[in-house]
Amino acid sequence: MERFETHTGVGVPLRRSNVDTDQIIPAVYLKRVTRTGFEDGLFNSWRLDPGFVLNRPPYDRGTVLVAGPDFGTGSSREHAVWALQDYGFKAVISPRFGDIFKGNAGKAGLLTAQVDEAVVEALWQALEDRPGLEITVDLTSRRLSAGADSHPFLIDDYTRYRLLNGLDDISLTLAHEAEIAAFEAARPSFKPTTWPIRTAG
Amino acid sequence: MARTLSQKIWDDHVVRSNAGEPDLLYIDLQLCHEVTSPQAFDGLRLAGRRVRRPDLTLATEDHNTPTIDILAPIADPVSRLQVDTLRRNAAEFGLRLHSLGDKDQGVVHVVGPQLGLTQPGMTIVCGDSHTSTHGAFGALAFGIGTSEVEHVLATQTLPQARPKTMAVTITGRTPDEVTAKDIVLSLIARVGTGGGAGYVAEYRGDTIDRLSMEGRMTICNMSIEWGARAGLVAPDQTTLDYLRGRPHAPQGEDWEQACAYWRTLRSDPDAVFDREVEIDASQLTPFVTWGTNPGQGVGLDQAVPDPATFPDPVERAAAERALTYMALEAGTPMRQITVDTVFLGSCTNGRIEDLRLAASVIKGRRVASGVRLLVVPGSARVRSQAIGEGLDQVFLAAGAEWREAGCSMCLGMNPDTLGPGQRSASTSNRNFEGRQGKGSRTHLVSPAVAAATAVVGRLATPSDLSS
C-alpha cells in the first residue's frame, strides 16, 4: 500500500445522504476477477444524468469527495473503494461512514475523513460557489482545509498509523505467527471443521 | 467485571492485544463465495502464501449464478469466468466448495447453519455484509471486504477494533401476521440506517425468546441494514434443538462439552451496554418500505409519508429523492401500490419456514394476472425439503415460478432482475436504487405479505384475502 501523508485536489460536492455501496458501484460490475478498472462502474446510474456533479467540469477531475451522512452503507463490496480509487479519488469526507466501507477504505489506502455535518455543509457551499476549489487533507495533523477554512477530522489512530506508513496488514499479522499457533493449539475440540465433509446424505 | 455476550465471545478469540492497536481475533469459520474472493486468492498467489486453515473455510456459489438450467454453462461469460475462478481457486488451495448442482449448494448464509457449521460462541466472517445472519446462534459474525478475506485466508485471524455494544430488547406478543421481518423493518425505521454504526447489537427479550431459529436469522440478517456491524442472540434450548444432529454439530462427549460452554454465553445480568433500544412488539403491524433505503418504511395500513413532515433536512431531502425514484405520491395508501413482480427468497427469507408461510397463504389461490411470483429457495436442501412437503406444487398451481437455489433477484447480478421502472414486493433485505436491476423499484416485505401481494397484485396482507 502507498503511504498517505497529505493530499491536495479538487473537491467534489456530493449532496446526498445514505450513499450505499450499491450506488457507488452496482452489483453488475462485481463480476470481474481483476483488481483494477472499476472506474466505469462508479456511481454508474447517477452518471447517466448529464447534470450529475461528476459530469460537470472541473468536478470531473476531483480527487476529494464530500458526501452527506452514512456514506458507504450496505454491501461489504470492497469494489466500492476500488471504484473510487480507480476514478482518482484519494479521500472521502462525510459525517458518518458505513463500518465495513470504512474498514475496506483503510485497507486499500483510501482516506475516510469524518467531520461534523456543519463542516460538510460549509464545504458543499464553498465547492459550489467556487468550482475547482482544492481541498487539502493532511493526515499528519488530521486537518483538512479548503481556501481559508480549516477543520479537524476524525480517523482512528491505528488506521492513520498504517496509512502514514503504507503498511501491509498481512505481513504485520504474520509477524505474530507463534501467537496464532499457540492460540490454535488451545482451541476446544468441539469447534467444527469443514473437512472431512459431513453431510445430511 | 460483568460482560455482555459479544464481549465474552470477543475475549475468547483474542490472539493478541496491544494498547493502541486493534485486537487480533481468531476466526473460527470463513465462508467464501465467487464475488468477493477472486482478488483475495490472487493476492495470496502474488505473495506466495497458502490458505492457513482450509478446514475452517467453506465456499459456495450463489451470487451471480442462474436459478434455471443450473447445470448448463453460465450464459454470461463474465459470470461464468467468476464462478470458474472460484472452482479453480478452491481446487488449488484445497477448499471445500459446494458448486451448482451439489446437494449442499445455496446462499452462503443458509448453507452454514443448515450444515451445523454455524454454532454458538464462534467468530464467523464472509465477504458479504449479511454474515450477521449467523449471529442468531450466538456467534459473532460479520461481513468483511476482500482485503480482509485475504487476511483471514492467510492468517485465520483479523485485526479488529473492539466495537461498542447495544441491547435491543423486544418484548410482548406479536399480533397475528407480524413476523420477524416486520419486527426488524420496524426497528430499522425507528433507529435509521446508520443507527447501529460502530455497534454489535444483542437482540433479547421474550419476543426473541419465542422466535424460531429461522426468525432469529431473519432479524440478525438485517442488522447491517441499520448499520450494526453484527447482531446476535444468546443461545438457548431453541438453538440447541436446532443444532442437535446436524452434520457438523458436535457429537457425543464433544456435544456435552459444547453445551456446557454454550450455556455460559449470555450477557451477565449486571452487564452494561453502551446503548439500549426497546421495542414493544405487541404494537407492531405488518411493515413495508416505501423508499430507497431499508429505514424508509411504514405500516402496511399507512400511507406514503409526506417529505415535508420530516423535521431533519437531510432526511427530508432523502425522502423527496426516494419518492421521485419510486414514482410514488405522498399520501397514497400503501395498499394501493401495485407491483409487477413478487420475489420470495434470499438469505433474509429463503428458508423452509418462509416458504411454508407463503405457501399457506397462497394455497388454493392464483397469482394475480400480470404479476410474476418468483420463488427461490435459499439452498438446494431447502428446495428439496420444500418439494418433499409438496410446497413446490402449491406454488406452481398458483402460477408461480419455482426456481433453483441462489441469491437470485436480491441483488441484480444474475439473470433474475427487474427491468427499468418495474416494481417488486421482495422478501430480500435492500431496496436501494437499482438493487434489483437498473431502474428497479423495491418494496421490502415479509413472506406473508409477499404471498398476499402476489394474489392481490397490490401490497396486501393475508387478512386482505379472506375479506
Side-chain angles (χ1 to χ4, degrees), chain A residues 15-18 20 22-23 26-28 30-35 44-45 68-70 73-79 81 96-101 103-104 107-108 117 156-158 161 169-170 172-174 176-177 179-180 182-184 187-195 197-201, chain B residues 15-16 20-22 24 26 28 35-36 38-39 42 54-58 64 78-79 81-82 85 96 103-104 117 119 127-129 143-148 150-151 154-157 159 161 193-194 197-198 227 229 247-248 250 254 257-258 293 314 318 411-413 430 432-435 438:
Chain A
R15 274 195 184 267
R16 300 190 193 209
S17 61
N18 273 297
D20 58 77
D22 273 75
Q23 304 319 310
V28 74
L30 273 48
K31 299 179 182 182
R32 298 171 185 162
V33 296
T34 52
R35 174 65 179 74
N44 180 264
S45 60
D70 295 315
T73 52
S75 158
S76 65
R77 57 190 70 167
E78 194 164 321
H79 311 66
V81 172
R96 188 162 60 188
F97 293 95
D99 278 344
I100 306 178
F101 176 86
N104 289 341
K107 304 287 179 191
E117 265 185 75
D156 72 89
D157 292 342
Y158 189 69
Y161 158 76
D169 257 1
I170 297 180
L172 288 176
T173 296
L174 286 176
H176 306 294
E177 207 280 332
E179 286 158 275
I180 299 171
F183 184 95
E184 253 171 357
R187 291 177 77 235
S189 66
F190 58 76
K191 293 268 185 179
T193 58
T194 56
W195 295 108
I197 293 177
R198 281 149 64 177
T199 168
Chain B
V15 171
R16 184 171 188 279
E21 293 177 22
L24 189 63
Y26 198 81
D28 288 320
V35 179
T36 55
Q39 296 86 357
D42 258 354
D55 62 333
L56 301 184
T57 312
L58 180 77
N64 75 29
V78 189
S79 293
L81 174 64
Q82 197 171 55
T85 301
R96 173 171 170 184
K103 282 181 184 171
D104 285 305
L117 282 167
Q119 297 175 15
D128 188 285
S129 59
I144 57 178
T146 299
S147 293
E148 293 174 313
E150 182 183 344
H151 195 112
T155 70
Q156 205 57 37
T157 64
T193 54
R229 190 65 196 275
H248 285 276
D254 273 349
Q257 274 189 29
N293 72 56
V314 173
L411 86 167
M413 73 178 301
R430 289 187 174 138
F432 297 152
E433 291 181 24
R435 174 76 178 181
K438 194 173 266 192

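Chain letters run A, B, ... following the sequence lines, proteins first and then strands; every chain starts at 1. Computation of the quantities below employed the complete heavy-atom set of this structure, encompassing side-chain atoms and omitting hydrogens, waters and symmetry-equivalent molecules.
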Per-residue contact mode, [X] against chain B (heavy atom under 4.5 angstrom):
X: N18(A); answer: side chain
X: F190(A); answer: both
X: Q23(A); answer: side chain
X: R15(A); answer: neither

Exercise. Residues in ring-ring contact (aromatic ring centres under 6.0 Å, His included) with H79(A), at least two apart?
Worked result: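 In terms of ring-ring contact (aromatic ring centres under 6.0 Å, His included), with neighbours along the sequence ignored, H79(A) is linked to F38(A), W82(A).
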
Problem set entry | Q39(B) (side chain) donor-acceptor with R35(A) (main chain) under 3.5 angstrom |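 No, the answer is negative, given that no donor and acceptor are paired below the 3.5 Å cut-off.
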
Problem set entry | N/O donor-acceptor pair under 3.5 Å between D99(A) side chain and G198(B) backbone |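 Checking the backbone N and O of G198(B) against the side chain of D99(A), a donor-acceptor pair under 3.5 Å is found.
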
Exercise. Heavy atoms, side chains only, cut-off 4.5 Å: are Q257(B) and P188(A) in contact?
Worked result: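 Contact flag for Q257(B)/P188(A) side chains = no.
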
Exercise. Are any of the side-chain heavy atoms of V314(B) and P69(A) separated by less than 4.5 Å?
Worked result: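 Counting from C-beta outward, V314(B) and P69(A) do come under 4.5 Å.
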
Exercise. Of the options D55(B), L117(B), D28(B), T57(B), which is the one that meets T193(A) in a side chain to side chain contact (heavy atoms under 4.5 Å, CB included)?
Worked result: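 Answer after filtering D55(B), L117(B), D28(B), T57(B): D55(B).
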
Given heavy-atom pairs under 4.5 angstrom as the criterion, report whether the side chain, backbone, both or neither of [X] touches chain A.
X: E21(B); answer: both
X: I144(B); answer: backbone
X: S79(B); answer: both

Problem set entry | Residue list, side chain to side chain contact (heavy atoms under 4.5 Å, CB included) with A182(A), at least two apart or on another chain |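 Residues passing side chain to side chain contact (heavy atoms under 4.5 Å, CB included) with A182(A): none at all.
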
For this session: Would you please test N104(A) and S147(B) for side-chain hydrogen bond (donor to acceptor under 3.5 Å, both in side chains) and show each step?
Result: CA-CA 7 Å; N104(A) 289 341; S147(B) 293; over 6 Å; no

Problem set entry | Where R96(B) and T194(A) come nearest, the two heavy atoms and their spacing |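 Where R96(B) meets T194(A) most closely, the heavy atoms are NH1-O, 2.7 Å.
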
